[in-house]
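Encoded as structure tokens, the structure appears first; notes follow it.
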Amino acid sequence: MSLRKRLFAVSLLSLPFYAQAIESADLMLTHGTVLTMNAQNQVFNDGTVVIKDNKIIAVGNEKLTQEYTAKKVLNVDGDIVMPGLINTHTHASMTVFRSLADDVPDRLHRYIFPLEKQMVSREMVRVGANLANVEMLKGGVTTYADMYYFEDEVAKTVDKIGMRAVLGETVIKFPVADAKNADEGIAYAQKFIAQYKNHPRIIPAFAPHAPYTNTTEHLQKIAQLSEQENVPVLIHLAETQREKEAIAKRTQGKTPVQYMADIGALNAHVVAAHAIHLSAEDMDLLKKYDVGVAHNISANTKSAKGVSPVSELLSKGVRVGLGTDGPMSSNTLSTMNELNLVGKIHKLANHDRAAMPPINVVRMATIGAAKALHLENKIGSIEVGKLADLIVVDTKVPNMVPMYNPYSALVYGANAHDVRHAIVDGKLLMENRHILTVDEKAIVQDAQKFAEKVRKTVVENGEQVK
């Protein structure tokens, strides 16, 4: 081979082929403290996450910046990059009732049900859900599970802002705003499920309110339909003494969990909110039937209902994720604000300072919550092939400085306002705390306007409904 040919061959092997090796992507986050929340709890300091379309295509160290080019690059300058938070249980539209009757005993039956009878409408659900979505997204929640009425209205708001959600249409035995009885509620849910079954970010679901507010026949029918449609069932379970006593009377002494198992209504579709009053047998049944548990520590402590035995549930391998409950119960909707209480209350409840270490709390807010919703193959961790739902948490605000341990910093130091960026399905929905997909100011104004309607209906001291 002549010298000229050899030099030409060398040039082909160097510049052109090297240039072709650089892959294109849509979004790249660089120089972050990347908490993957994968099975190994892998952390990348000065890490990089690469996103194309709606999926994560690479995660690793800074060398990835030499292998990929992206349309948009976010240099997060040491901030925490982590999976988006997943709120496993709420009633989003109730934001418009927030701070009413906070200390009324037996509040659900004495205050909330009568209030809802007068105030729930399509308008109320839309306005409240819009406000909740903004609050959650700004607090780092990228996916949430909701139970309420007119869930098709909630779905429209989720679709517009770009979040991900599991939306359950409530079924209850007495007349409510969108159904005269449980049969109508089931029919409404079926129509809603058919409408949203194939949506890329919305999973429609049945949401029987609780075992004691539904009949055995209706709970069985929902269980059968959920199997046929392959959709979740969101339900309050083992939450209150009233529920416990009502089911014991209905069954000659069984617990709500035992009752649900006996009637064939406990299965892997079920996401059980609260799960406070559990026997050892109940916990074994939750594991046996692969039920997800939504743990709502702030709502449960505020209502003095008790503390779910989460440490025992986790030791048994039960799927447990964090939730907030509704904004009348916990008052705030970001699970970032739950982390601190979860970490501390379980130490107190177990009389053990070593109980519930921060990494376990963060796992319950991310991959654990994904498992509770049976979505762990799609979301909950930063891994190649998973959907790109991520958030960036500011580590330079005073409450996060210094950061020796990112999990401890998140659990004991962070709050919802520290979330800088939010990405869902590969799309940047919030950048530097500015939501890009909806008009936050207009949404807040709509909620304030609706609040005037509530004030005309409710006594100003919030103790009773007219």
Side-chain angles (χ1 to χ4, degrees), residues 87 89-129 131-132 135 146-151 153-154 168-182 185 207-214 234-247 256 273-274 276-277 294 296-306 323-333 337 447-466:
N87 186 343
H89 177 64
T90 192
H91 312 285
S93 295
M94 295 177 78
T95 48
V96 294
F97 300 146
R98 180 168 24 213
S99 81
L100 288 173
D102 275 333
D103 300 317
V104 171
D106 194 19
R107 185 167 175 245
L108 176 64
H109 295 269
R110 288 179 54 189
Y111 190 90
I112 294 177
F113 282 159
L115 174 67
E116 289 179 324
K117 186 177 180 180
Q118 293 199 39
M119 297 300 303
V120 175
S121 64
R122 282 191 174 275
E123 180 195 16
M124 172 258 166
V125 168
R126 173 183 56 79
V127 171
L131 182 63
E135 180 184 349
D146 190 60
M147 295 173 66
Y148 212 56
Y149 310 102
F150 298 115
E151 280 296 313
E153 290 294 331
V154 181
E169 172 63 28
T170 295
V171 179
I172 200 163
K173 64 184 179 182
F174 52 76
V176 290
D178 61 0
K180 294 178 182 177
N181 52 47
H209 175 264
Y212 75 107
T213 52
N214 282 281
L234 312 179
I235 188 170
H236 299 100
L237 185 61
E239 178 186 7
T240 67
Q241 284 295 334
R242 179 191 282 254
E243 172 198 357
K244 189 176 178 180
E245 291 165 7
I247 295 301
H274 302 294
I276 299 168
H277 305 287
N296 311 284
I297 191 68
S298 62
N300 296 159
T301 53
K302 183 187 170 201
S303 60
K305 289 173 182 171
T324 61
D325 206 352
M328 283 189 80
S329 300
S330 65
N331 295 58
T332 60
L333 293 174
N337 293 332
Q448 290 170 330
K449 185 177 178 181
F450 190 87
E452 292 304 315
K453 294 184 180 182
V454 178
R455 286 191 180 96
K456 290 176 182 178
T457 304
V458 179
V459 176
E460 283 292 335
N461 63 15
E463 292 180 355
Q464 57 182 308
V465 178
K466 290 182 180 178

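Across every non-hydrogen atom of Ala246 and Tyr212, the tightest pair is CB-CB, 3.8 Å. Across all non-hydrogen atoms, the minimal contact from Asp178 to Phe150 is OD2-N, 2.8 Å. The heavy-atom pair separating Asn331 from Lys302 by the smallest distance is OD1-NZ, 2.5 Å. Residues His91 and Pro327 come closest through the heavy atom pair O-CD, 3.1 Å. Across all their heavy atoms, Asn300 and Gly306 have their closest contact at CB-O, 3.4 Å. In plain terms, the two heavy atoms of Ile235 and Pro208 that are nearest each other are CG1-O, 3.2 Å.
Side-chain contact check for Glu116 and Tyr148: at least one donor-acceptor pair (N or O, by modelled atom type) lies under 3.5 Å.
Relative orientation of the His236 and His274 rings is parallel, given thresholds of 30° and 60° on the angle between their planes.
Going from atom OG1 of Thr240 over to atom NE2 of His277 covers 6.5 Å, rounded to the nearest 0.5 Å. Here the CG atom belonging to Leu333 is positioned 4.0 Å from the CD atom belonging to Glu135, to the nearest 0.5 angstrom. Note that NZ of Lys244 is 13.5 Å distant from CD of Glu239, once rounded to the nearest 0.5 Å.
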Checklist line | From CA spacing to verdict: side chain to side chain contact (heavy atoms under 4.5 Å, CB included), Val171, Asn214 | finding: CA-CA 8 Å; Val171 179; Asn214 282 281; 3.7 Å; yes

Next item on the list: Start with the C-alpha distance between Tyr149 and Met124, add both sets of side-chain angles, then the distance that settles side chain to side chain contact (heavy atoms under 4.5 Å, CB included), and finish with yes or no.
Entry: CA-CA 10 Å; Tyr149 310 102; Met124 172 258 166; over 6 Å; no

Notebook entry, point to check: Run the side chain to side chain contact (heavy atoms under 4.5 Å, CB included) check on Met94 and Ile112 step by step: do they pass?
Noted result: CA-CA 10 Å; Met94 295 177 78; Ile112 294 177; 3.7 Å; yes

Item checked: Criterion ring pair (Phe, Tyr, Trp, His ring centres under 6.0 Å) on His209 and Phe113, from CA distance to verdict -> CA-CA 12 Å; His209 175 264; Phe113 282 159; 5.7 Å; yes

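Annotation: salt bridge (Lys or Arg N to Asp or Glu O under 4.0 Å) contacts of Arg242 (sequence neighbours excluded): Asp106. Take Ala92 and apply the side-chain contact (heavy atoms from CB on, under 4.5 Å) test, not counting sequence neighbours, and it matches Thr90, Ala132, Met136, Tyr144, Asp146. In this structure Arg126 satisfies the salt bridge (Lys or Arg N to Asp or Glu O under 4.0 Å) test with no other residue, sequence neighbours excluded.
Using a 4.5 Å heavy-atom threshold, the side chains of Leu131 and Arg98 count as touching. Between Leu115 and Leu100 the shortest side-chain heavy-atom distance falls below 4.5 Å.
For the pair Lys305 and Glu243, the salt-bridge criterion is not met [side-chain N within less than 4.0 Å of a carboxylate O].
Just one of Thr324, Asn296, Asp325 meets the side-chain hydrogen bond (donor to acceptor under 3.5 Å, both in side chains) condition when paired with His89; it is Asp325.
In terms of modelled atom types and a separation under 3.5 Å, the side chain of Ser93 and the main chain of Val125 share a donor-acceptor contact.
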